[in-house]
Colleague: 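My structure is below; once you've seen it, I'll send some questions.
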Amino acid sequence: MKKISTMTGRVAMLGLLLAPVTVLAEEVAPPPVLNSGDTAWMLTSAVLVLFMTLPGLALFYGGMVRAKNTLSVFMQCFAITAVVTVLWSLYGYSLAFTDGGGANALIGGLGKAFLAGIKVDSLNGTIPETVYLTFQLTFAVITPALIVGAFAERMKFSALLLFMGAWVTLVYFPICHWVWGGGWMMSMGVLDYAGGTVVHVNAGIAGLVTALVIGKRKGFPHTAMPPHSLPLTVTGAGMLWVGWFGFNAGSASAANGAAGMAMVVTQLATAMAALGWMFMEWREHGKPSALGLTTGAVAGLVAITPASGFVGPMGALALGGIAGVVCFLGATTLKRKMGYDDSLDAFGVHGVGGIVGALLTGVFASPDLGGVGFSKGLDMAGQLMVQAESILGTGVYCAVVSFILLKIIDAMVGLRVDEESESTGLDIALHGERGYNY
Amino acid sequence: MKKISTMTGRVAMLGLLLAPVTVLAEEVAPPPVLNSGDTAWMLTSAVLVLFMTLPGLALFYGGMVRAKNTLSVFMQCFAITAVVTVLWSLYGYSLAFTDGGGANALIGGLGKAFLAGIKVDSLNGTIPETVYLTFQLTFAVITPALIVGAFAERMKFSALLLFMGAWVTLVYFPICHWVWGGGWMMSMGVLDYAGGTVVHVNAGIAGLVTALVIGKRKGFPHTAMPPHSLPLTVTGAGMLWVGWFGFNAGSASAANGAAGMAMVVTQLATAMAALGWMFMEWREHGKPSALGLTTGAVAGLVAITPASGFVGPMGALALGGIAGVVCFLGATTLKRKMGYDDSLDAFGVHGVGGIVGALLTGVFASPDLGGVGFSKGLDMAGQLMVQAESILGTGVYCAVVSFILLKIIDAMVGLRVDEESESTGLDIALHGERGYNY
Amino acid sequence: MKKISTMTGRVAMLGLLLAPVTVLAEEVAPPPVLNSGDTAWMLTSAVLVLFMTLPGLALFYGGMVRAKNTLSVFMQCFAITAVVTVLWSLYGYSLAFTDGGGANALIGGLGKAFLAGIKVDSLNGTIPETVYLTFQLTFAVITPALIVGAFAERMKFSALLLFMGAWVTLVYFPICHWVWGGGWMMSMGVLDYAGGTVVHVNAGIAGLVTALVIGKRKGFPHTAMPPHSLPLTVTGAGMLWVGWFGFNAGSASAANGAAGMAMVVTQLATAMAALGWMFMEWREHGKPSALGLTTGAVAGLVAITPASGFVGPMGALALGGIAGVVCFLGATTLKRKMGYDDSLDAFGVHGVGGIVGALLTGVFASPDLGGVGFSKGLDMAGQLMVQAESILGTGVYCAVVSFILLKIIDAMVGLRVDEESESTGLDIALHGERGYNY
Amino acid sequence: MKWVTAIIKPFKQEEVREALSAIGVTGMTLTEVRGFGRQKGHTELYRGAEYQVDFLPKIKVELAVQESQVEQVVEAIREAARTGKIGDGKIFVMPIDHAVRIRTGETGPNVL
Amino acid sequence: MKWVTAIIKPFKQEEVREALSAIGVTGMTLTEVRGFGRQKGHTELYRGAEYQVDFLPKIKVELAVQESQVEQVVEAIREAARTGKIGDGKIFVMPIDHAVRIRTGETGPNVL
Amino acid sequence: MKWVTAIIKPFKQEEVREALSAIGVTGMTLTEVRGFGRQKGHTELYRGAEYQVDFLPKIKVELAVQESQVEQVVEAIREAARTGKIGDGKIFVMPIDHAVRIRTGETGPNVL
Ligand SMILES: Nc1ncnc2c1ncn2[C@@H]1O[C@H](COP(=O)(O)OP(=O)(O)O)[C@@H](O)[C@H]1O
Ligand SMILES: Nc1ncnc2c1ncn2[C@@H]1O[C@H](COP(=O)(O)OP(=O)(O)O)[C@@H](O)[C@H]1O
Ligand SMILES: Nc1ncnc2c1ncn2[C@@H]1O[C@H](COP(=O)(O)OP(=O)(O)O)[C@@H](O)[C@H]1O
């Protein structure tokens, strides 16, 4: 997505090297004009990415919790969408995507706060800036919503609102700026097409920290807490899968060959990851499960996200297969070993998958492996180093700030519901509703 | 949507005044040619708006009724879609969107009955007429489907088919013509971008009348009738939200800046309305509910509908916030005070939200408030008057004709199921099915 | 879809005869350039068709089985998607859509195995080849997934994986090549716009054969096996309906008038078929059911599929009405008479509907009936003969190969679960999960 | 102490509870059950095939009452649950040997 | 009058109902229950973790019968519900003091 | 043989089952029920209207036990199900006349 990736797409299309063209394009390009086809696809992509959260992720997560907590998860996904949307219009878009002047390596400016100056005819590349900012907004929405999986079934709703408002402001907007808005990672040449670090590593790490700070659910891991409705979860997984084409192919910012290739590699990696997880489970437990297969698919979607503009079809198959197997280990062996209660595996799937994907992007982008090549001046080792640095940078910053925010909010209003509410369920305790009245 | 709004979009984009350009454009425009980008977006928009009804609205409403009536609601949404589709092709499109000659202020003609003369290469603006007419059809489908919320759990299916067939013919097609087909409201300069009056006020008023004529459900309001499956309802709300971008941004009839701005303001108003309702509920009842949050979002979507081509981002935030609060009062205090049984708040949300939105369009369209300006020759007071007149015209005409139709159909086949069927539930009594067999 | 249909679309638009233009176009056409609008619509269409399977069809089928088998159906749909995706990239696309040299009448070549040579800038017509191949992939995914309906609730998962892998390889890829890839049916002049024979007759016949080979479910037809959750089924039907616009209108391979007309006729035929089934049921059983109405809609979607690029709006209404009535008889009277256990009517709806649609395409394509005309050199009788031959060719080939594959796999691993697993339910027996834990 | 089991029509649940509360009953337990009896079931449709459903949704109300209260309780249920149409249900009274309140360990009449 | 409670396998429900109808039983009440017994449960998977589910779905059939019919009823259930495999369930017979038909107020044997 | 019926809080199900297993109980049957008692219900919201829900989810545990075991069983349930807060539930003991194992036709004490 975003400027750099669009260029990359074009570069790939022309079969030329990255850097010279970028420069060239900037020098000689005529004033951009609106392309209605690109705009049509980006309008659609924004819709698709929002669909991933509403209702995709809400269903995926909402089916996985116990019946007494299902509405709390739906509610959290919707409330996050609303809160982030408002903050995005007030200052988020501006902080992430404008020039921050002297501080630009770290954060953008406030020139477009309140969406000031954005008119019907403002363009970003070949599409209206309004479409661009809505597309980007949908990424800012889904990232915090992904974290919900880590602390599901026990966080106070008031604490959630505070945490999410603060988190997008202090963690998401800056990191988004670092990678796509002209910040230090972008300068470093990180390859992150559609948000492997910005979205998935970021959400995964924040999830891990939250799960550790808020503590385990009462009864975990002794008591079985099976999903109350896997049909909802699998339905949500299907919606994530289809919506993800907006995420990845939409990150081309255009309806072109780069979008098409992102679509193909997304589909291939997802399929292989689903099969990878399935076969691991079959081997380890004697039975392949629906939740496993679909979680594998999500792991594949996560892992191909940073890579989707840089790898070829066969690279995508390989990347997906690896991601399926590694995330299986992340959500099962690793979690059991470490003993944290990442309720719905926000870290196990998004954190681990995001890291795997970001690293493997540095491998399969290699032209020898069917990819489009590395960033200017980097070979595979160099690119891998840059990828690792960006994972580390994201992870450490995110972990530290998330931790501090959680501690402050805990002191302010308390992060966790009381025992009685937890055992009654959040739906009745916090929202005065029950999911089902058959 | 529709001719006038497309123009408005373009005007806004050029930053010029409305009227002169309209005239100009009509005078000098070269013969229109198909724009594949606009067509791509409008094909997509038609799909999105149909998705709002099938399965969006069906889920939203179907989850909110008791389990014994859930299929009846799904069935009604599907049957309405089928019936309206057929009538649209026979005469609906023609009555709404062709020139009615001498009667044109009131109704279109029959020149395109049976879709006569519409060929593969017929155009409407820059898109195929086939796409245009399908997009418009999806509006004609959802409007009667919205009314279902008012009389859910007690209407006979045969009566429903008769009522809906007659209602779209005698109420929707004419009013659609008035506002978008060249009728009197269009001439008056009403601002209704995507159907604040045509769709929402119209459906809301028809719902109120139906609820009053058919009477309360047995046990209302004494017996609690909680939604049988809020996860379905919230899922439906998510689909309405994402589908609504087809509704509003599709009303630009093009993939351009106007569509993009409609997308942004839709998102912002919806988010604020959701938060508005949520905080009202939190304040009044001590707990924010998932149904409240999502109903607030729907209220915001309704309210921004007429305004979505005319207001700016900050105007949208304000409009949404107001709509969330007012609709909360409409669906709770007002309903309780008046004592009617609008089962799922078709009037409380769509009627009230539509009125609020149509009026506020006359405020926030003001260039001083970031909007694109009022209709030719009107200032805010004038525009507000026009908006009020169009609400009144729609409301009165719709109420009177709906009332007469209901009385006739009641005399013919009876509107309401017998007591035993109502207590057994419509699913078994009318459709010989049960929603669930766990 | 596919080359031939795109051309047909254009021909229709130009109002010229098919053949000369085809030749002409091939001779004088300038090198194709990417059209961003067409690309936007085809990216969207690929997403829509995938959405039909995930989660559309999974929900449609998954709601119809008993609760103890619901996940097995979801799982099968997802696993088929994954397996077919991988095979498609390895050799499927190549076999279906490249030139097979001497064997071209029967099968394509391996030139694009492993998607070799497909670059970011490769085009197919005016869209990237990557988009084209993904769009085609989504058809290859849904076809085997449709078969699931025939043997639901009793097939082993391992047998399913083997069967589906072999079936797409030996049945789908060749037939796809015959009709759309340059094979013998294409040469013969068959009219199959979006897959009446390739997808629906094919899946329907394979379903019938599977149902016969695997045998009836324990208790069938004595024991009632009502759908466990019709809201899921009806939701799935809604998704199929909206996704089908990608299927049919996407088969124009462009965002143009042909796509628009395909959209209109799809909507009209579907509505009429839904009403047709509904009224049949009402007449025969005294009550119209939600499952009936929505199954009728699916029957209409199936039947209009081959016709959607060739008939006019009024022809579509007629075709849809006929399909609704005939499929009602297929899924009820015929099935009862013959006594096979086609669990969810894969044959009754897709087989019968596909045959009806493919034949009626040969009628309503007639210019006298508002259609675009028959294939070069054919009158109605001739066209009908070609249509019948292609149905027969597809049916016989599919039946024979499916039968052999099933017998081999039965010998290898056994097709059917043991009695105990069948009575426990496949979810627990095969996948170690339960759909619901309320 | 006696165990009173009543099978009633679902929509009578609220009325029965109120009638029982009115005569001072402070506890009861409800179960969703399916009843087979004189009241005929209904026909359901599945893809054009009709099948008979013989079991109807009912609510089972169970409550332990003092021997002295049994008659009054039975009467209250009978009146509140009655519609006069077939399928209204039955009331059965069974003996209880012994009762304990979990929270306090109390036994005997205090349990209620 | 006696209260017969049988715990059976779910897929035997129809056969049991038919067997009872065949010997003239006109009423019964069914409940979905979960049973724990000798029949072992199964393992379920959740994100690669296995856990044991000990409770299996069963159907509880309850019916009041005349004392004279008890033996026949128990026999009918036993035969219809039997598969010979572990988990077939049990039948318990308990005393009823008193019975009332809600619709008519009848008591005693007429209630059935 | 006696029939022990306990109404307990849902989240105590596992502990009760374990306590019973610990004293050698090998069979029991569970039902999801809704309880009305001293423990007050809660308020639910529906479109801004509040309504009172009086019935709370409970689990009914039923098991047949040898007369000699009754006391121990009641004690085990009482301890495992106890939280000390209102709503913990009750245990009722009722007489059984007769019991049969469907699989084998055995009657009497062997059934358990
Ligand atoms: N012998 C019985 N034992 C247990 N429950 C019974 C018996 N007979 C009827 N019932 C229950 O009572 C309900 C009502 O009985 P039914 O014969 O239909 O009507 P009525 O009670 O008005 O005569 C049945 O649905 C069933 O649940
Ligand atoms: N002591 C008991 N009290 C009540 N129900 C019991 C008891 N023992 C078994 N059951 C019920 O009977 C069912 C079958 O018992 P089980 O021991 O598994 O097999 P079998 O009856 O063939 O010996 C159990 O699932 C449980 O529902
Ligand atoms: N008389 C009764 N008969 C049957 N069940 C009862 C009776 N009284 C209470 N119960 C059941 O026991 C549960 C707990 O009772 P409650 O009065 O709330 O608390 P406690 O048992 O701590 O006094 C109730 O929800 C209900 O299911």
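Because the structure is predicted, anything quoted here is derived from the model rather than measured.
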Colleague: Angle between ring planes, F279(C) versus W282(C), binned at 30° and 60°: parallel, tilted or perpendicular?
Modeller: parallel
Colleague: Using 0.5 Å steps for rounding, measure from the CG atom of N124(C) to the CG atom of D38(C).
Modeller: 11.5 Å
Colleague: Checking side-chain polar atoms at under 3.5 Å, does S72(B) have a donor or acceptor matched by the opposite partner on N69(B)?
Modeller: no
Colleague: Name the region of L161(B), side chain, backbone, both or neither, that has any atom closer than 4.5 Å to a heavy atom of chain C.
Modeller: side chain
Colleague: Heavy-atom cut-off 4.5 Å, strictly under: side chain, backbone, both or neither for L59(B) against chain C?
Modeller: side chain
Colleague: Need one label for I428(B): side chain, backbone, both or neither, based on atoms under 4.5 Å from any heavy atom in chain C.
Modeller: backbone
Colleague: Of the backbone (N, CA, C, O) and the side chain (C-beta and beyond), which part of P288(C) lies under 4.5 Å from a heavy atom of chain B, both, or neither?
Modeller: both
Colleague: Could you check which of T70(B), V131(B), T44(B), N35(B) has the highest count of heavy-atom pairs closer than 4.5 Å to chain C?
Modeller: T44(B)
Colleague: Taking atom CG of L317(C) and atom CZ of F364(C), what is their separation to the nearest 0.5 Å?
Modeller: 10.0 Å
Colleague: How long is the straight-line distance from CG of L319(C) back to CZ of F310(C), given to the nearest 0.5 Å?
Modeller: 12.5 Å
Colleague: Looking at E422(B) and K68(B), is any side-chain nitrogen of the basic one under 4.0 Å from a carboxylate oxygen of the acidic one?
Modeller: no
Colleague: Taking every non-hydrogen pair under 4.5 Å, which of Y438(B), F157(B), F74(B) racks up the most with chain C?
Modeller: Y438(B)
Colleague: Looking at V83(B), T39(B), T81(B), L43(B), which has the largest count of heavy-atom pairs under 4.5 Å with chain C?
Modeller: L43(B)
Colleague: Identify which part of L268(C) has an atom lying under 4.5 Å from any heavy atom of chain B, answering side chain, backbone, both or neither.
Modeller: both
Colleague: Using a cut-off of under 4.5 Å on heavy-atom pairs, state which of A249(C), A237(C), P226(C) scores highest against chain B.
Modeller: P226(C)
Colleague: What's the separation between atom OG in S229(C) and atom CG in L232(B), rounded to the nearest 0.5 Å?
Modeller: 7.5 Å
Colleague: Does the pair M155(B) and L160(B) meet the rule for a side chain to side chain contact (heavy atoms under 4.5 Å, CB included), with working shown?
Modeller: CA-CA 7 Å; M155(B) 194 185 267; L160(B) 174 121; 3.9 Å; yes
Colleague: Quick one: which of S289(C), G286(C), A271(C) has the most heavy-atom pairs under 4.5 Å with chain B, could you say?
Modeller: S289(C)
Colleague: Heavy-atom distances under 4.5 Å only: say whether M42(C) touches chain B with side chain, backbone, both or neither.
Modeller: neither
Colleague: Under a 4.5 Å heavy-atom cut-off, does chain C meet the side chain of L123(B), its backbone, both or neither?
Modeller: neither
Colleague: Look at V242(C), L291(C), T233(C) and state which one has the largest set of heavy-atom pairs under 4.5 Å with chain B.
Modeller: V242(C)
Colleague: Is the distance from the ring center of W88(B) to that of F173(B) below 6.0 Å?
Modeller: yes
Colleague: Heavy-atom distances under 4.5 Å only: say whether A429(B) touches chain C with side chain, backbone, both or neither.
Modeller: backbone
Colleague: Can the ring centroids of Y91(B) and F114(B) be said to lie less than 6.0 angstrom from one another?
Modeller: no
Colleague: Heavy-atom pairs under 4.5 Å with chain B - which of G296(C), G435(C), G292(C), A255(C) has more of them than the others?
Modeller: A255(C)
Colleague: Given a strict heavy-atom distance threshold of 4.5 Å, which part of T138(B) is in contact with chain C: side chain, backbone, both, or neither?
Modeller: neither
